[in-house]
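Read through the structure below, which is laid out as structure tokens, and then see the notes.
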Amino acid sequence: MLSDQQFTRYLRQVSLPEVGESGQEKLLNQTILVIGCGGLGSAASLYLAGAGIGKIVLADGDKIELSNLPRQLTYTVEDVGKLKVDCLRQRLTALNPEVAIRTVNKPLRDEQLSIEISLADIVLDCTDNLKTRHAINSACVAQRKDLVSGSAIGWSGQVISFPFSNHINSGCYRCLYPFDELPETQRCSDSGVMGPVVGMIGLNQSLEAIKLTLGIAQENEAIKLFNGLMNSWQALSLAREHQCTVCAN
């Protein structure tokens with residue numbers, strides 16, 4: 001049961017018929033792992049904390065650079081040179097002291113990646129390289145953990161929701177990208193990107209995570225593509241690749 005203070009804080013959410021008190025309790029009992037605390041992860045985690053996600057784990061080994069600030073609005077000039085996870089934890093705690101925040105100030109790999117995913121209910125992939133995305137995808141498939149993947153480059157972005165915990169035949173990240181390397185640079189740290197596009201994708205990752213928690217995610221629209229120049233969204237379904245080396249079996 002929500003306390004009086006919680007009811008007051010989350011009143012606007014509780015008032016939604018899709019949420020109610022029972023839905024808010026689900027959010028309060030949820031653990032979400034955010035891998036990558038750049039533009040995507042910082043935007044997503046703010047709204048997750050605001051929504052009352054009970055526990056958020058932040059994983060990132062990078063320090064804040066001046067060139068990050070146009071798209072990573074959680075951080076300030078005074079934060080340059082500091083660890084992203086430390087600064088983001090302070091911001092989230094200031095926003096909602098009830099949320100338990102744990103940080104991992106290094107890249108998650110191999111066994112530690114598997115352990116952290118096993119402890120989470122939902123994983124947000126906010127990284128910017130294909131190798132890491134495939135590793136996260138494989139671990140989530142193996143442990144049947146819901147995954148929300150986001151990426152942005154130039155004026156475009158995409159959000160992909162994988163409800164692996166429901167064991168549905170929706171495919172995985174390997175089905176969509178069966179290769180291990182991209183033919184050209186596809187990282188915002190190496191190429192151009194418009195800041196608000198990154199924010200749009202991060203916010204939509206948080207929205208998808210909240211809907212997965214509440215059990216109201218749309219399973220037939222797994223992929224959402226955003227065109228910043230046209231300010232438009234396109235929703236696509238994702239079919240499982242029968243020869244996929246990750247999820248086919």
Side-chain angles (χ1 to χ4, degrees), residues 18 30 32-36 39-41 43-44 47-48 113-114 117-118 120-184 186-188 193 197-249:
E18 297 86 357
Q30 193 78 327
I32 294 184
L33 170 62
V34 180
I35 307 178
L40 299 175
Y47 274 84
L48 293 175
L113 174 63
S114 180
I117 287 177
S118 72
D121 297 306
I122 297 177
V123 178
L124 264 60
D125 180 358
C126 303
T127 62
D128 64 356
N129 69 87
L130 195 60
K131 182 179 179 181
T132 302
R133 290 173 188 163
H134 278 312
I136 294 170
N137 174 74
S138 296
C140 287
V141 170
Q143 302 189 48
R144 295 175 179 174
K145 300 290 185 176
D146 292 342
L147 169 64
V148 182
S149 176
S151 61
I153 196 74
W155 295 86
S156 303
Q158 66 178 20
V159 178
I160 316 173
S161 183
F162 300 103
F164 294 136
S165 65
N166 291 334
H167 321 305
I168 63 173
N169 297 321
S170 61
C172 73
Y173 197 84
R174 174 68 69 174
C175 295
L176 188 62
Y177 296 104
F179 38 83
D180 293 310
E181 298 291 341
L182 293 171
E184 58 184 25
Q186 293 288 318
R187 298 173 54 176
C188 63
V193 64
V197 173
V198 180
M200 288 284 286
I201 300 303
L203 297 184
N204 273 271
Q205 284 184 271
S206 66
L207 182 60
E208 288 300 313
I210 290 170
K211 291 193 295 182
L212 284 168
T213 300
L214 298 173
I216 59 174
Q218 299 297 312
E219 296 176 356
N220 62 334
E221 295 185 353
I223 308 173
K224 296 178 176 63
L225 305 176
F226 178 67
N227 184 323
L229 287 174
M230 300 297 294
N231 198 26
S232 62
W233 286 92
Q234 182 180 12
L236 305 172
S237 60
L238 173 63
R240 173 174 290 176
E241 172 56 55
H242 296 299
Q243 301 302 318
C244 179
T245 58
V246 174
C247 71
N249 296 321

Go through the steps for I223 and L176 under the test side chain to side chain contact (heavy atoms under 4.5 Å, CB included), then give the verdict.
CA-CA 10 Å; I223 308 173; L176 188 62; 4.0 Å; yes
Step by step, would you call I216 with I210 a side chain to side chain contact (heavy atoms under 4.5 Å, CB included)?
CA-CA 9 Å; I216 59 174; I210 290 170; over 6 Å; no
Please walk me through it: do V123 and V148 pass side chain to side chain contact (heavy atoms under 4.5 Å, CB included)?
CA-CA 6 Å; V123 178; V148 182; over 6 Å; no
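When every heavy atom of G150 is checked against every heavy atom of L40, the shortest pair comes out as O-CD1, 3.3 Å. When every heavy atom of I32 is checked against every heavy atom of A209, the shortest pair comes out as CD1-CB, 4.0 Å. Across every non-hydrogen atom of S118 and Q143, the tightest pair is CB-OE1, 2.7 Å. W155 approaches V197 most closely through the heavy-atom pair O-CG2, 3.8 Å. Looking at every heavy atom in both residues, T127 comes nearest to R133 through O-NH2, 3.2 Å. The two residues Q205 and S149 have their closest heavy-atom pair at NE2-C, 3.7 Å.
Between E241 atom CD and C247 atom SG the span is 8.5 Å, to the nearest 0.5 Å. A distance of 10.0 Å separates NZ of K145 from OG of S114, quoted to the nearest 0.5 Å. From C126, atom SG reaches atom CD1 of I35 across 8.5 Å, with rounding to the nearest 0.5 Å.
Within the 3.5 Å criterion, the main-chain N or O of W233 finds no donor-acceptor partner in the side chain of K224.
Residues passing the side-chain hydrogen bond (donor to acceptor under 3.5 Å, both in side chains) test with S138, sequence neighbours excluded: none. Under the side-chain contact (heavy atoms from CB on, under 4.5 Å) criterion, D146 pairs with I122, P163, S165, L212, sequence neighbours left out.
In this pair, Y173 and F162 present their aromatic rings perpendicular. The plane angle is above 60°, beyond the 30 to 60° band.
When C172, C175, P178 are each tested for a side chain to side chain contact (heavy atoms under 4.5 Å, CB included) with V246, only one passes: C172.
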